Asker: 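Handing you a structure now.
Atoms considered below: every heavy atom in the structure, side chains included; atoms not considered: hydrogens, waters and symmetry mates. Quick note on labels: first sequence line is chain A, next is B, and so on, each numbered from 1. Just so you know, these numbers come straight off a predicted model, no measurement behind them.
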Amino acid sequence: MQLHLYNTATRNKDAFESLTPGLVKVYCCGPTVYHFAHIGNLRTYVFEDLLRRTLEALGYNVNHVVNITDVGHLTSDADTGEDKMEKGARREGKSAWDIAEYYTQAFQKDWKALRLLEPTAWPRATAHIAEQIALIQELEKKDYTYTVPNDGIYFDTAKFPRYPDFAKLDIEGLQAGARVAVTEGKRNPTDFALWKFSPSDAQRQMEWDSPWGRGFPGWHVECSAMAMKLLGETLDIHCGGADHIRVHHTNEIAQSECATGKPFARFWLHGGWLLEAPDGDGKGGKMSKSAGEFVTLDVLVKQGYSPMDYRYFCLTAHYRNYLNFSHAGLDSARDSLRNLRKRTDPLIGKATPIRSDRGLEWRTKFLESVCDDLNFPQALGILNLALKDPDVLEGEKAGLIVEWDRLLGLGLTEAETSEAVELPDDLKSLLTERAEARKNKDWKRSDAIRDQFRDRGFVLKDNPDGSVSVN
RNA sequence: GGCGACAUACCCAAGUGGUAAGGGAGAGCUCUGCAAAAGCUUCAUUCAGCGGUUCGAAUCCGCUUGUCGCCUCCA
């Protein structure tokens, strides 16, 4: 089936074909590990995982690279301000290297919890300084760079006439609206640093020798250098959050294409933002790490949600649209998933080949939705209808779920590991007492005991077979 | 100030020219000592408002209103 993906470069849903038959090279912009990833960040990785799974379902091998940015991002685009890594280090009284390691592990823990497929490679910026230097030297050789004394090596965006095209930038409007102090010596407002000199009056924790002196790489060059090293000069797909379009990806394209003379990526996919819904006293708006307050996956887990609840929540909205995060919304997702599992759990292990016309029809419909720019919300609707369809045999339903869960990644084919509820001794004896009361049809006593359980946070359910479940 | 995106039921949300998917919540019924669970049924003549194009519009165009984003960093 033909996959169509919305390509930011063309602003159109384009038919996807890989450059090399059977192999797709995907580069996804990863986290800057100076703090925890929030659930808005995570939404983008969920979308990228859906892309990966879709490509694999279509028979492609996917070479999937996700970088770890462990150096180099300053706090503003004006090439000024404090390095985020060093700031994080100071905040926590650790070294910048420790900070990077700590948050990388935290990030990868979230990654696994969300059932995101392991990428082919997790390159770290600090492990690819030589490649970055080489790329800058190539640009220097081709005369795209210039030096700003006591500052760094800059890319001259005026020498790349297509610079504004990708993000449809209005350069003049940019200039007019500029509220940011312009770096002294920059030729154009859009020029960006490729290499930053270490400050002469302060010792940086992360710095390297280079042909231009001691310093550290700019924060766009790492992606180009690592992507090209690991995947070649032209990628099939480059992904990231929508906030990368304007600056980061625009700059990646400029420096990569000027260095190689080839298109850097054929498809650019961008995930929409998670917004904080204005429920309660929340003000609403984009969730942002630098704004301070943010919700992490761990926070949700502490609130009683499972990572799969959040994954399902992401699945309910199209990846390119805004998604409003609210607890009401997450509750709804959690309940939906719970209800879904009630229907799919009894199907585990019962899959049979799908042969009936009806079964094949559902299979096709689901795949069509997914192939239409990853329309998972629609696919979920189809899944619900298929499960309810009385004309599809149980074994085929089970087979469809096995197949579809490889795309959804919700773990529907694995039994949930629910921990056995440990009952306090006094409640255990009450349970015995209630069984006795029920046998004697003492409903008043029986219900009173059930209420007692409820007050202690346990829900008693009398099953049709006479047994009692405690939750 | 400039630029842009979005607006679908109580909530979330798909649908982008052919007559409103799906989920959650709610309601009713069946079942049950009662609950719970499960099953069945039900839930937008209508897509922010107003005009226009069209045989036909939630879908295209214009205006208005509202929300959000970008023009610092950000997934």
Asker: What string of B, S and - do you get for nucleotides 21-34 of chain B, 5' to 3', when a contact is any protein heavy atom under 4.0 Å?
Answerer: BSBSS-------BB

Asker: For the residue pair Tyr154(A) and Phe192(A), is the inter-centroid distance of their aromatic rings smaller than 6.0 Å?
Answerer: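 Ring centroids of Tyr154(A) and Phe192(A) are no less than 6.0 Å from each other.
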
Asker: Please give, in whole Å, the distance from C68(B) P to Arg320(A) CZ?
Answerer: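 Rounded to the whole Å, the gap is 23 Å.
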
Asker: Establish, yes or no, whether the cationic atom of Arg204(A) lies under 6.0 Å from the six-membered ring centre of Phe216(A) and within 45° of the ring axis.
Answerer: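 Ring-cation test returns yes.
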
Asker: Provide the distance between the two P atoms, one in A7(B) and one in A58(B), to the nearest whole Å.
Answerer: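 Straight-line distance between the two P atoms is 15 Å.
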
Asker: Measure from CG on Leu269(A) to P on A75(B) and round the result to the nearest Å.
Answerer: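 After rounding, the gap between these two atoms is 18 Å.
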
Asker: Toward the 5' end of RNA chain B, which comes first, Gly329(A) or Gly271(A), by nearest nucleotide?
Answerer: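 That would be Gly329(A).
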
Asker: May I ask you to say what Tyr45(A) touches in the nucleic acid, namely base, sugar-phosphate or nothing, with a heavy-atom cut-off under 4.0 Å?
Answerer: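 Sugar-phosphate only.
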
Asker: Could you please name the partner base of C73(B), counting Watson-Crick and G-U wobble pairs only when both distances are under 3.5 Å?
Answerer: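 Its partner: none found.
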
Asker: Nearest to the side chain of Lys342(A), which nucleotide is it out of A75(B), A38(B), C73(B)?
Answerer: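 Of the options given, the side chain of Lys342(A) lies nearest A38(B).
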
Asker: What contact category does Gly40(A) fall into here, base, sugar-phosphate, or nothing, at under 4.0 angstrom with non-hydrogen atoms?
Answerer: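 The answer is base, as Gly40(A) lies within the cut-off (heavy atoms under 4.0 Å) of a base atom.
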
Asker: Rounding to the closest angstrom, what is the interatomic distance between G22(B) and A14(B) at atom P?
Answerer: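 Looking at atom P only, G22(B) and A14(B) are 15 Å apart.
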
Asker: Could you give the OH-to-P distance, from Tyr322(A) to U8(B), as a whole number of Å?
Answerer: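 Spelled out: OH on Tyr322(A) to P on U8(B) is 14 Å.
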
Asker: Using atom C1' in both nucleotides, what's the gap between C12(B) and C6(B) to the nearest angstrom?
Answerer: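 Comparing C1' positions in C12(B) and C6(B) gives a spacing of 16 Å.
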
Asker: Stepwise, does the side-chain contact (heavy atoms from CB on, under 4.5 Å) test hold for Cys29(A) with His248(A)?
Answerer: CA-CA 10 Å; Cys29(A) 284; His248(A) 185 54; 3.6 Å; yes

Asker: Heavy atoms only, 4.0 Å cut-off, all strands: where does His318(A) land among base, sugar-phosphate and nothing?
Answerer: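 If one applies the 4.0 Å heavy-atom cut-off, His318(A) turns out to touch the sugar-phosphate alone, with no base involved.
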
Asker: Between G4(B) and U8(B), how far apart are the two P atoms, rounded to whole Å?
Answerer: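 Pairwise P distance, G4(B) against U8(B), rounds to 22 Å.
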
Asker: Tell me whether the side-chain N/O atoms of Asn324(A) come closer than 4.0 Å to OP1 or OP2 in C11(B).
Answerer: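 Checking Asn324(A) against C11(B): no side-chain N or O falls below 4.0 Å of OP1 or OP2.
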
Asker: Between Phe264(A) and Trp268(A), what is the ring plane arrangement, given parallel below 30°, perpendicular above 60°, and tilted in between?
Answerer: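 Phe264(A) and Trp268(A): tilted rings.
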
Asker: In the structure I gave you, are the side-chain heavy atoms of Leu431(A) and Leu427(A) within less than 4.5 Å of one another anywhere?
Answerer: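 The answer is no; the side chains never approach within 4.5 Å.
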
Asker: Nearest whole angstrom, please: distance from the C1' of A5(B) to the NE2 of His270(A).
Answerer: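 Rounded to whole Å, this separation is 15 Å.
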
Asker: Round to the nearest Å and state the distance from Asp373(A) atom CG to U16(B) atom C1'.
Answerer: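 After rounding, the reported distance stands at 13 Å.
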
Asker: How many angstroms lie between NZ in Lys168(A) and CZ in Arg11(A), if you round to the nearest 0.5 Å?
Answerer: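 If we round to the nearest 0.5 Å, Lys168(A):NZ and Arg11(A):CZ are 5.0 Å apart.
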
Asker: Please state the C1' separation for the pair A20(B) and U59(B) - nearest whole angstrom.
Answerer: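 Nearest-Å result for A20(B) against U59(B) at atom C1': 11 Å.
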
Asker: Who does A20(B) pair with, Watson-Crick or G-U, both distances under 3.5 Å?
Answerer: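 Across any shown strand, A20(B) pairs with none.
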
Asker: Quick check on Asp451(A): does its CG atom have over 12 non-hydrogen neighbours (other residues, nucleotides or ligands) under 6.0 Å away?
Answerer: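 Buried by this count: over 12 neighbours within 6.0 Å.
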
Asker: Answer yes or no: does a side-chain N or O of Lys168(A) lie under 4.0 Å from OP1 or OP2 of G4(B)?
Answerer: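 Result: no.
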
Asker: How would you list all residue pairs meeting salt bridge (charged side-chain N to carboxylate O under 4.0 Å, His left out) that involve residues 395-410 of chain A, not counting sequence neighbours?
Answerer: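 Residue pairs with at least one partner in residues 395-410 of chain A: Arg363(A)-Glu403(A).
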
Asker: Whole angstroms only, please: what is the CG-C1' distance between Leu275(A) and C70(B)?
Answerer: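 Result: 13 Å.
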
Asker: Within this structure, what is the CZ-to-P distance between Phe36(A) and A75(B), rounded to whole angstrom?
Answerer: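 Answer to the nearest Å: 15 Å.
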
Asker: When rounded to the nearest Å, what value does the distance between P atoms of G26(B) and G15(B) take?
Answerer: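 Nearest-Å result for G26(B) against G15(B) at atom P: 28 Å.
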
Asker: Could you say whether Leu42(A) or Ala317(A) is positioned toward the 5' end of RNA chain B, judged by the nucleotide with the nearest heavy atom to each?
Answerer: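 Looking at RNA chain B, the more 5' nearest nucleotide goes with Ala317(A).
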
Asker: Could you please name the partner base of C6(B), counting Watson-Crick and G-U wobble pairs only when both distances are under 3.5 Å?
Answerer: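 Looking at the geometry, C6(B) pairs with G66(B).
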
Asker: What's the gap between G51(B) and G39(B) when it is taken at their C1' atoms, as a whole Å value?
Answerer: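 It works out to 49 Å between them.
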
Asker: Nearest-Å distance, CG (Asn321(A)) to C1' (U8(B))?
Answerer: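 Going from CG in Asn321(A) over to C1' in U8(B) covers 12 Å.
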
Asker: Does the side chain of Leu297(A) come within less than 4.5 Å of Leu42(A)'s, by heavy atoms?
Answerer: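 SC-SC contact between Leu42(A) and Leu297(A) confirmed.
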
Asker: For the C1' atoms, the ones on C29(B) and on C47(B), what distance do you get once it is rounded to whole angstrom?
Answerer: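 That atom pair is separated by 32 Å.
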
Asker: Give none if A38(B) has no partner; otherwise give the nucleotide forming a Watson-Crick or G-U wobble pair with it, both distances under 3.5 Å.
Answerer: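 Because both required distances fall under 3.5 Å, A38(B) counts as paired with U30(B).
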
